[in-house]
Amino acid sequence: MHDDDETFFEGPSKSEVKRQMHALQALGERLVALPDAQLAKIPIDDEALADAIQLARRIKARSGLKRQLQYIGKLMRSVDADPIAEALDLLDGQHQTNAARFHQLEQLRDRLLHDGDEALSEVASRYPEVDRSHLRQLLRNYQKEQKTGKDKGTARAVFRYLRSLDEQAAGDADSVTD
């Protein structure tokens, strides 16, 4: 049915297979590097893969770790890697969201420390449960620190208070959506 001059291509090329294997190995490396709490959130159904990841986390020798990562890549070929990749992407998205919230809180703290009462109304509109007197006291303490030149950590205390307000607001929003 086919001519001798034409060859039909069946399946991926050798280079494509190699790229896929390297991608699976890189996915395995990301799993090994995760903290325990985050690794527990990843759906790893294959027990041999889970054991290999735990073993790789204990290996200190570079050459041994490299071989173990290659073995993890080999095991990854026999499992469905899509749920694992999706879970890692979700963790990455959460990290980016948390980092953005952190930076917003830092900016809000800086405005509070420099603008005082003008920025306090912004905080009150964003977080209605704010204790204005407590926040004003923190701002007064910060101003005293600036006059004396001694850093006693009031700026950090303001940030911690804002973060607690933000976490409380996020918890309230989660309970409303549940």
Undergrad: Measure across Ala48 and Leu75 and return the closest heavy-atom pair with its distance rounded to 0.1 Å.
TA: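 Looks like O-CD1, 3.7 Å.
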Undergrad: Provide the closest heavy-atom pair for Leu108 versus Tyr127 in the form atom of the first, atom of the second, distance.
TA: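 It is CD2-CE1, 4.0 Å.
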Undergrad: Taking the basic N atoms (NZ, or NE/NH1/NH2) and the acidic carboxylate oxygens, is any pair closer than 4.0 Å for Asp92 and Arg30?
TA: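 So Asp92 pairs with Arg30 through a salt bridge.
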Undergrad: Do Ser13 and Glu16 have side chains that approach each other closer than 4.5 Å (heavy atoms only, starting at C-beta)?
TA: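 Yes, close enough: below the 4.5 Å cut-off.
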Undergrad: So, taking the atom named CG in Leu162 and the one named CZ in Arg109, what distance separates them when rounded to the nearest 0.5 Å?
TA: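 With rounding to 0.5 Å, CG (Leu162) is 8.5 Å from CZ (Arg109).
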Undergrad: Between atom CZ of Arg163 and atom CD of Glu106, what is the distance when rounded to the nearest 0.5 Å?
TA: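 So the CZ of Arg163 and the CD of Glu106 are separated by 10.5 Å.
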Undergrad: Would you list the pairs meeting salt bridge (charged side-chain N to carboxylate O under 4.0 Å, His left out) in which at least one residue belongs to residues 46-62, sequence neighbours left out?
TA: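 Every salt bridge (charged side-chain N to carboxylate O under 4.0 Å, His left out) pair that includes a residue of residues 46-62, provided the two are not neighbours, is Asp36-Arg57.
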Undergrad: Glu145: what forms a side chain to side chain contact (heavy atoms under 4.5 Å, CB included) with it, not counting sequence neighbours?
TA: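 Tyr142, Asp151, Lys152, Thr154.
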Undergrad: Decide side-chain hydrogen bond (donor to acceptor under 3.5 Å, both in side chains) for Ser164 and Asp166; before the verdict, give the C-alpha distance in whole Å, the side-chain angles of both, and the deciding distance to 0.1 Å.
TA: CA-CA 5 Å; Ser164 70; Asp166 190 61; over 6 Å; no
Undergrad: Contact between Asn141 and Gln137 at the side-chain level, heavy atoms closer than 4.5 Å - yes or no?
TA: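 A side-chain contact exists here, since the closest heavy-atom pair is under 4.5 Å.
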Undergrad: If you take all heavy atoms of Ser125 and Pro128, which pair is closest and at what distance?
TA: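 Smallest heavy-atom distance, with atoms named: O-CD, 4.4 Å.
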Undergrad: Answer yes or no: is there a side-chain heavy-atom contact under 4.5 Å between Arg132 and Val123?
TA: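 No, every pair of side-chain atoms sits at 4.5 Å or beyond.
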Undergrad: For Tyr71, give me all partners under ring-ring contact (aromatic ring centres under 6.0 Å, His included), at least two apart in sequence or on another chain.
TA: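 Checked Tyr71 against ring-ring contact (aromatic ring centres under 6.0 Å, His included); zero matches.
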Undergrad: What is the distance from atom CG of Asp131 to atom CG of Leu135, rounded to the nearest 0.5 Å?
TA: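 The CG atom of Leu135 is 8.0 Å from CG of Asp131, to the nearest 0.5 Å.
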Undergrad: Just how far is it from atom CD of Gln70 to atom CZ of Arg67, taken to the nearest 0.5 Å?
TA: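 If we round to the nearest 0.5 Å, Gln70:CD and Arg67:CZ are 8.5 Å apart.
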Undergrad: As an exercise, state the distance from NZ of Lys14 to CZ of Arg19, rounded to the nearest 0.5 Å.
TA: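 Rounded to the nearest 0.5 Å, the NZ-CZ separation comes to 13.0 Å.
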Undergrad: Apply side chain to side chain contact (heavy atoms under 4.5 Å, CB included) to Ile84 and Asp45, showing your working.
TA: CA-CA 10 Å; Ile84 295 172; Asp45 297 330; over 6 Å; no
Undergrad: Does Gln25 reach the side chain of Met76, with side-chain heavy atoms less than 4.5 Å apart?
TA: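 Gln25 does not reach Met76 side chain to side chain.
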Undergrad: Given the rule in the side chain to side chain contact (heavy atoms under 4.5 Å, CB included) test, do Asp110 and Asp115 qualify, once you have shown the distances and angles that lead to the verdict?
TA: CA-CA 8 Å; Asp110 292 343; Asp115 298 340; over 6 Å; no
Undergrad: What is the distance from atom CD of Glu167 to atom CZ of Arg160, rounded to the nearest 0.5 Å?
TA: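 Those atoms lie 12.5 Å apart.
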Undergrad: Please report the closest heavy-atom contact between Pro43 and Pro83, naming both atoms and the distance.
TA: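 Taking every non-hydrogen atom into account, CG-O, 3.9 Å.
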Undergrad: How close do Gly64 and Ile59 get, heavy atom to heavy atom, and via which atoms?
TA: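 Shortest heavy-atom separation between Gly64 and Ile59 comes out as C-CG2, 3.8 Å.
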Undergrad: Would you say Ile53 ends up clustered with Met21 if hydrophobic residues are merged whenever their side chains have heavy atoms under 4.5 Å apart, either directly or through other cluster members?
TA: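 Different hydrophobic clusters.
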Undergrad: With a 6.0 Å cut-off on ring centres, are Phe102 and Phe159 close enough?
TA: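 Here the rings of Phe159 and Phe102 have centres that are less than 6.0 Å from each other.
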Undergrad: Please name the pair of heavy atoms, one in Gln68 and one in Ala56, separated by the smallest distance, quoted to 0.1 Å.
TA: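 Heavy atoms of Gln68 and Ala56 come nearest at CG-CB, 3.5 Å.
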Undergrad: Carefully, step by step, assess Leu39 and Gln54 under the rule side chain to side chain contact (heavy atoms under 4.5 Å, CB included).
TA: CA-CA 10 Å; Leu39 184 62; Gln54 291 302 326; 3.4 Å; yes
Undergrad: Between Leu24 and Ile72, is any pair of side-chain heavy atoms under 4.5 Å apart?
TA: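 Sidechains of Ile72 and Leu24: no contact.
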Undergrad: Checking Gln143 against Arg140: is there a side-chain donor and acceptor pair closer than 3.5 Å?
TA: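 No pair is found: no donor N or O on one side chain lies under 3.5 Å from an acceptor on the other.
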